[in-house]
**Student:** 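Before I ask anything, here is the structure I am working with.
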Amino acid sequence: MPLIIDCDPGIDDAVALLLAMASPQLDILGITTVAGNVSIDTTSNNARSICELGQRPDLKIFPGCPRPMVRKPIVAAHVHGENGLGGVSFPQPQMPLQPLHGVDFLRDSLLQVSAPITLATLGPLTNVATALIQAPEIAQKLERIVMMGGAVGAGNVTGAAEFNFYTDPHAAQVVLQTAAEYEVPVVVIPLDVTHRAIATPARRQALRNLSSGNRNNPAETVATMLDNYGLREQREMGFAGPPLHDPCVIAYLLQPALFETESVSATIEITSQLTQGRLVIDRNGELDLPGQIELATNIDADGFYGLLTEALGQLG
Ligand code: RIB
Ligand code: CA
């Protein structure tokens with residue numbers, strides 16, 4: 001499966017990238033980074049560190065947009081730590097960043113490919129929206145877009161909006177609208193599902209056990225990053241550990257049967273100051289929105305962690 005991953009590493013993005021690297025059925029054509037959890041320089045540098053942690057210094061990382069299309073930038077360093085990786089320190093990465101801008105890579109690679117590409121988005125959609133505005137016809141080369149974003153229930157930045165869609169609501173709306181126009185299949189995995197993928201102490205211990213037999217295995221580092229993640233959700237929602245948002249996107253690519261979905265039409269609220277970034281879904285066509293998306297509604301959490309642990313055990 002030819003795949004481009006757009007991300008803002010970010011602790012959960014890091015775990016998603018490692019899961020993708022550990023899955024030979026995914027042919028990672030490129031990783032584009034975007035400002036989101038932390039600045040573009042930090043997300044890009046973190047992508048280098050994580051690729052080296054996964055022993056994939058051959059992967060190509062293309063830094064993208066440093067700020068949202070319209071909104072003023074926000075970051076989530078209070079969630080992911082100042083370094084964006086839970087304060088875990090990594091050796092200075094040696095692999096290069098690509099000179100081509102992430103938006104140019106998305107646009108040019110999609111214009112040039114003959115076979116359609118799957119796009120996994122793990123952060124704000126600024127890069128993807130910008131590429132689609134520059135060359136909407138690239139949508140015809142998208143096999144599908146699988147994205148982490150939104151919430152049917154409460155958001156995690158405001159009561160209405162989830163971080164990826166809140167940070168750049170205009171980009172999210174452009175992507176959903178253009179995908180509908182070009183009939184690109186879209187799968188959205190919202191907080192309601194990722195909040196069921198909790199990295200409990202037992203699940204983190206299972207990851208740590210992978211490293212006890214193999215010093216090169218990155219699972220111990222993953223578990224340590226997770227120890228410092230999702231503390232607010234644990235405090236306010238009583239979770240037994242951090243929710244693993246972004247790895248759900250990669251797991252969907254690998255084993256879609258782990259998820260339940262429903263077909264709905266959807267858009268993003270961009271005008272209201274109160275609910276900007278809200279994923280607005282319509283189950284019965286009353287809003288007359290173009291297109292349909294597959295909205296994930298449930299996950300087999302044990303199956304997800306079985307997949308994640310098995311895959312990460314292959315690394316190192
Ligand atoms: O709301 C969760 C999402 O926002 C995840 O992708 C996390 O990495 C942050 O980007
Ligand atoms: Ca992310």
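Ligands are counted one by one from 1 in listed order, and the atoms in each one are counted from 1 as well. Remember, it's a predicted structure, so these values are computed and weren't measured experimentally.
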**Student:** Side chains of Ser39 and Thr42 only: does a donor on one sit below 3.5 Å from an acceptor on the other?
**Tutor:** yes
**Student:** Does the side chain of His80 pick up a donor-acceptor pair with the side chain of Asn37 at under 3.5 Å?
**Tutor:** yes
**Student:** Is the closest side-chain donor-acceptor distance between Thr121 and Asp6 under 3.5 Å?
**Tutor:**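 The answer is no; no qualifying pair exists.
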**Student:** Using a strict 4.0 Å threshold on nitrogen-to-oxygen distance, state whether Arg71 and Asp168 make a salt bridge.
**Tutor:** no
**Student:** For residues Gln314 and Glu310, is any side-chain donor paired with an opposing acceptor at under 3.5 Å?
**Tutor:** yes
**Student:** Flag the pair Asp300 and Arg196 as a salt bridge only when some basic side-chain nitrogen lies within less than 4.0 angstrom of an acidic carboxylate oxygen.
**Tutor:** no
**Student:** Restricting to under 3.0 Å, identify the protein N, O or S atoms around the Ca ion (ligand 2) as residue plus atom.
**Tutor:** Asp8 OD1, Asp13 OD1, Asp13 OD2, Leu122 O, Asp246 OD2
**Student:** For Glu220 and Ser211, does a side-chain donor sit closer than 3.5 Å to a side-chain acceptor?
**Tutor:** no
**Student:** Just checking Phe62 against His101, ring centres under 6.0 Å apart?
**Tutor:**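 Distance test on ring centres: not under 6.0 Å, no.
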**Student:** We want to know whether Asp108 and Gln112 form a side-chain donor-acceptor pair, criterion being a heavy-atom distance below 3.5 angstrom.
**Tutor:**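 Distance-only check fails for Asp108 and Gln112.
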**Student:** Tabulation required: pairs of a nitrogen or oxygen in ligand 1 and a protein nitrogen or oxygen under 3.5 Å; columns are atom names and distance to 0.1 Å; otherwise 'none'.
**Tutor:**
| unit_1 | atom_1 | unit_2 | atom_2 | d |
| --- | --- | --- | --- | --- |
| ligand 1 | 1 (O) | Asn156 | ND2 | 2.8 |
| ligand 1 | 1 (O) | Glu162 | OE2 | 2.6 |
| ligand 1 | 4 (O) | Asn164 | OD1 | 3.2 |
| ligand 1 | 6 (O) | Leu122 | O | 2.8 |
| ligand 1 | 6 (O) | Asn164 | ND2 | 3.1 |
| ligand 1 | 6 (O) | Asp246 | OD1 | 2.6 |
| ligand 1 | 6 (O) | Asp246 | OD2 | 3.0 |
| ligand 1 | 8 (O) | Asp12 | OD1 | 2.6 |
| ligand 1 | 8 (O) | Asp12 | OD2 | 3.2 |
| ligand 1 | 8 (O) | Asp13 | OD1 | 2.9 |
| ligand 1 | 8 (O) | Asn37 | ND2 | 3.0 |
| ligand 1 | 8 (O) | Asp246 | OD2 | 3.1 |
| ligand 1 | 10 (O) | Asp8 | OD1 | 3.3 |
| ligand 1 | 10 (O) | Asp8 | OD2 | 3.1 |
| ligand 1 | 10 (O) | Asn37 | OD1 | 3.3 |
| ligand 1 | 10 (O) | Asn37 | ND2 | 3.3 |
| ligand 1 | 10 (O) | Asn164 | OD1 | 2.9 |

